[in-house]
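Following: one structure in structure tokens, then a few remarks.
All ligand and atom numbering here is 1-based and tracks the order in the structure.
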Amino acid sequence: MNIFVINSGSSSIKYQLFRWPAEQPVCSGLVERIGSDEATIRHTVFEQESATAEQRLVLPLSDHEAGLREVVRLLTAQPGGVIRDPAEIAAVGHRVVHGGEAFAATTLITAEVKAEIRRLFALAPLHNPANYLGIEVAEQLFAQARQVAVFDTAFHQTMPEYAFRYALPTALYEKQRIRKYGFHGTSHQYVAAQAAAYLQNPDARLITIHLGNGCSMAAVRGGQSLDTSMGFGPLSGLVMGTRSGDLDPSVLLHLLGPLGYSAEQVSALLNKESGMLGLAGSNDMRDIGQALAAGDARAALAYDLYAYRIRHYIGAYTATLNGLDAIVFTAGVGENDALVRAKACARMEFFGLQLDEEKNQQRSPGLRDLSGPASRARILVIPTNEELEIARQSAELLTAHA
Ligand SMILES: Nc1ncnc2c1ncn2[C@@H]1O[C@H](COP(=O)(O)OP(=O)(O)O)[C@@H](O)[C@H]1O
Ligand SMILES: CC(=O)OP(=O)(O)O
Ligand SMILES: [Mg+2]
């Protein structure tokens, strides 16, 4: 059977097609700059897991529907297509960022599920509307397929109440559901399972560190999330590409009051203009690495601040876990940026971490163990694969409902 995975974002769509049960990736792609006359599609077809053919298209795409229609055209093109008919797709797995408290697990998409995802727009205004749009379009384009939602928040529903509640009046939780939810759950779950298997310890005490555009950390034990650094929305915790991470709420009050910012301006500031972009002028870690190498003081501060925040949460979550068996770096920055890893692990002997700098500099695919001889806890790099995890959870659900 074929499982198609869609990660529909505000201006981009990532997708991947798998053959099941072989878990074989058939093709993947990225549609960017949706809404512009010069949108791009990068479509890669795999043969035996090594990329064989990559196509790049530049074309006008007015909206997500136009983008996904073009993707279906690429999937079914003759010759060169990977399927003949959209009806060959048995299931479409959707990344949905916010599942609130309603969804602690992967779910078949029904009218009620869609209504709940719509209700959650207010809690994840940047993500859920785009995810929803992807579902609506996929329902039309893959009408025969089962549509499945895999929620970023679901994995973190195991957090204890003292970890997920804010010290606000109880009514704000009970009536408005204001609490910590946590995100990137699919990625934390995927790499935590790989780490536990590597350590041959299902009960391993793990800190998973997802450093992509959005960044978050989780404390995981026995495959369950005990705490995570993102909160009510995907803004708190670590410094990110364009998001500030932890911030004293008084700053917001000062912006909204004496400085005269509107709510929209504050939202744009925190979501799009802060983080590494605000500190050092770029949200791409590769640019900041180059600036640092050229002696840029802003880039140096940005790197230190980014790493310091990671160290802060390693300390916090070692306390949460009452010990530490491994930390796991993952996602674009975590998998590729040796300097971030080195700074995050420096002077952490107290926590049992000692990085082997030579191993840290080496590049190879798959799981890497960067621990030095004196490290009591393992330091791992594990490439994340949210799409594969979404496909797995979709397949499991379909089997259960067969
Ligand atoms: N070789 C590299 N060195 C440092 N950073 C990298 C490298 N490759 C990618 N990145 C960073 O990874 C980030 C994107 O990570 P990714 O996990 O793809 O994010 P997302 O899924 O949120 O779009 C970007 O900030 C990019 O700079
Ligand atoms: C929830 C979140 O922050 O997702 P992303 O990193 O894809 O923006
Ligand atoms: Mg990501």
- Query: So do Lys343 and Tyr308 actually touch side chain to side chain, heavy atoms under 4.5 Å?
  - Reply: no
- Describe, in one word, how the ring planes of Tyr15 and Phe4 are oriented to each other, choosing from parallel (under 30°), tilted (30 to 60°) and perpendicular (over 60°). tilted
- ligand 1 N/O within reach of Leu211 N/O, cut-off under 3.5 Å: no
- Taking 4.0 angstrom as the limit, do Glu101 and Arg179 come out as a salt bridge? yes
- Message: Just to be sure I read this right, does ligand 1 sit under 4.0 Å from the backbone of His184, its side chain, both, or neither, counting only heavy atoms?
- Response: neither
- May I ask you to decide whether Glu116 forms a salt bridge with Lys114, counting only side-chain N to carboxylate O separations under 4.0 Å? no
- Message: Out of all atoms in ligand 1, which are within 4.0 Å of some heavy atom of Lys14? Include the element for each.
- Response: 20 (P), 21 (O), 23 (O)
- Message: Can a side-chain donor-acceptor contact be found between Tyr313 and Asp227 if the only test is distance below 3.5 angstrom?
- Response: no
- Item | Arg392 with Glu396: basic N within carboxylate O range, under 4.0 Å | no
- Under 4.0 Å from a heavy atom of Met285: give me the atoms of ligand 1 that qualify, with their elements. 5 (N), 25 (O), 27 (O)
- Query: To which protein heavy atom is atom 27 (O) of ligand 1 closest, and what is the distance rounded to 0.1 Å?
  - Reply: Asp284 OD1, 2.5 Å
- Message: Within ligand 1, which atoms have a heavy atom of Ala331 less than 4.0 Å away?
- Response: 17 (O)
- 4.0 Å heavy-atom contact, His210 with ligand 1: no
- Task: Using heavy-atom distances, let me know which of Asn336, Asn213, Asn7 sits nearest atom 2 (C) of ligand 1.
- Result: Asn336
- Task: In sequence, state the C-alpha distance, the side-chain angles, and the governing distance for Val150 and Ser394, and then conclude on side-chain contact (heavy atoms from CB on, under 4.5 Å).
- Result: CA-CA 8 Å; Val150 180; Ser394 303; 4.2 Å; yes
- Query: Is it true that Glu387 and Lys14 make a salt bridge, defined as a side-chain N closer than 4.0 Å to a carboxylate O?
  - Reply: no
- Indicate yes or no: does an N/O atom of Gly332 lie under 3.5 Å from an N/O atom of ligand 1? yes
- Message: Counting only heavy atoms and a distance below 4.0 Å, can you name the residues contacting ligand 2?
- Response: Arg95, Val97, His127, Asp152, Phe183, His184, Gly214, Met230, Pro234, Arg243
- Item | Under-4.0 Å heavy-atom contact with ligand 1, by part of Asn283 that carries it | backbone
- For atom 18 (O) of ligand 1, decide whether some protein heavy-atom distance is shorter than 4.0 Å. no
- Query: Which ligand 1 atoms are under 4.0 Å away from a heavy-atom of Gly212?
  - Reply: 15 (O), 16 (P), 17 (O), 19 (O)
- For the residue pair Phe151 and Phe103, does the interplanar ring angle fall in the parallel (under 30°), tilted (30 to 60°) or perpendicular (over 60°) class? parallel
- Flag this pair as yes if the NZ/CZ of Arg165 is under 6.0 angstrom from the six-membered ring centre of Tyr162 and inside a 45 degree cone about the axis; otherwise no. no
- Query: Counting both backbone and side chain atoms, is some N or O of Asp337 under 3.5 Å from an N or O of ligand 1?
  - Reply: no
- Please state which protein non-hydrogen atom is closest to atom 13 (C) of ligand 1 and give its distance, to 0.1 Å? Val333 CG2, 3.9 Å
- Task: Could you label the plane-to-plane angle of the His184 and His210 rings as parallel, tilted or perpendicular, counting under 30° as parallel and over 60° as perpendicular?
- Result: parallel
- Are the side chains of His127 and Pro234 in touch, meaning some heavy atoms are under 4.5 Å apart? yes
- Item | Short N-O contact, Arg376 and Asp325, less than 4.0 angstrom | no
